[in-house]
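Below: one structure, written as structure tokens.
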Amino acid sequence: MAMAASSAYPPPPPFYQLYMDYEQASSAPEPPLPIDGTYTIFGSERQNNEVLPSLKSLGFRQLYPKDSNIDFKRELSIVNRELQLHILELVDILVERPSQYARRVEDISLIFQNLHHLLNSLRPHQARATLIHMLESQIHRRQQAIEDIKLRRDEAQKMLGESLLVLDGSQTN
């Protein structure tokens, strides 16, 4: 089983066998309940209730405020400018004092960890915004489809009315 979970194209989950051809079966069974605890995906164990760990718990110093009301755009901009400054300092150190580059590389690594953490903090917002966009797009498409159906219905009623007039005219003659 471990081999199948870590292969490039793992097999479908075992519950797929519960489903039959929809033309042959009157109703399909309900999908399985969500997994509690841990599960394996692409060979790695994952928790069902994963949350973004803090930088402190990962062993890194946090370079931006610890508020729950972070202005992500501002903080990303600040950390990005700091990254640019450290990269320029690294280039300067590599030119003038190549033996002292290690500390600057550690600082740059810390900045990248903070940038990565800030961006991962935005994932729930991104998912919510993507879902809202998808739902609005579906609503728009369905409203257009309804308008198209109404237009076709009106055209059909108009043609039907004209056909009735033609039939009434031919019966009177």
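Predicted model, so just to flag it, every value in this text is computed and none were measured.
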query: Can you tell if the side chain of N114 reaches within under 4.5 Å of the side chain of L110, non-hydrogen atoms only?
result: yes
Min side-chain heavy-atom separation I146-K150 under 4.5 Å: yes
- request: Starting at CD of E106, measure out to NE2 of H86 and round the result to the nearest 0.5 Å.
  value: 11.5 Å
- request: Taking S163 for its side chain and M159 for its backbone only, find out whether a donor-acceptor pair lies under 3.5 Å.
  value: yes
- prompt: Between Y64 and I78, is a side chain to side chain contact (heavy atoms under 4.5 Å, CB included) present by the stated rule, with each step listed?
  reply: CA-CA 9 Å; Y64 55 89; I78 289 170; over 6 Å; no
message: I'd like to know whether F72 forms a side chain to side chain contact (heavy atoms under 4.5 Å, CB included) with H125, so could you lay out the CA-CA distance, the side-chain angles of the two residues, the decisive distance to 0.1 Å, and finally the verdict.
response: CA-CA 11 Å; F72 287 99; H125 303 291; 4.1 Å; yes
query: Going by heavy atoms in the side chains, are I139 and Q143 under 4.5 Å from each other?
result: yes
task: Look up atom CG in L76 and atom CZ in R74, then write down how far apart they are to the nearest 0.5 Å.
output: 11.5 Å
- request: Drop me the distance from N120's CG to Q126's CD, to the nearest 0.5 angstrom.
  value: 10.0 Å
message: So which atom in L55 and which in R61 form the shortest heavy-atom distance, rounded to 0.1 Å?
response: CD1-O, 4.4 Å
query: Is K158 salt-bridged to D154, going by a charged N under 4.0 Å from an acidic O?
result: no
- prompt: Would you say I111 and L94 are hydrophobically clustered, going by side-chain heavy atoms of ILVMFWY under 4.5 Å?
  reply: yes
message: Main chain of H117, side chain of S121: is a donor-acceptor contact present, judged purely on distance under 3.5 Å?
response: yes
task: Step through the shown structure and confirm whether more than 12 heavy atoms of other residues, nucleotides or ligands are within 6.0 Å of CZ on R97.
output: yes
query: Taking it one step at a time, do L63 and E82 satisfy side chain to side chain contact (heavy atoms under 4.5 Å, CB included)?
result: CA-CA 10 Å; L63 301 177; E82 191 171 336; 4.2 Å; yes
- prompt: For R128 and I132, what are the C-alpha separation, side-chain angles and deciding distance, and is it a side chain to side chain contact (heavy atoms under 4.5 Å, CB included)?
  reply: CA-CA 6 Å; R128 195 175 305 112; I132 289 169; 4.3 Å; yes
- request: Report the distance from atom CD1 of I93 to atom OH of Y101, rounding to the nearest 0.5 Å.
  value: 12.0 Å
message: For the residue pair Q144 / R141, report whether a side-chain donor-acceptor contact shorter than 3.5 Å exists.
response: no
Side-chain touch D107/R104, heavy atoms, less than 4.5 angstrom: yes
- request: Report the distance from atom CG of L135 to atom CG of L131, rounding to the nearest 0.5 Å.
  value: 4.5 Å
field: Spatial distance of atom CG (L115) from atom CG (L83) [nearest 0.5 Å]
entry: 6.0 Å
field: Smallest separation among heavy atoms of I70 and P65, with atom names
entry: CD1-O, 3.6 Å
message: Is it true that, when you exclude R152 itself, more than 12 heavy atoms of the residues, nucleotides or ligands shown sit nearer than 6.0 Å to its CZ?
response: no
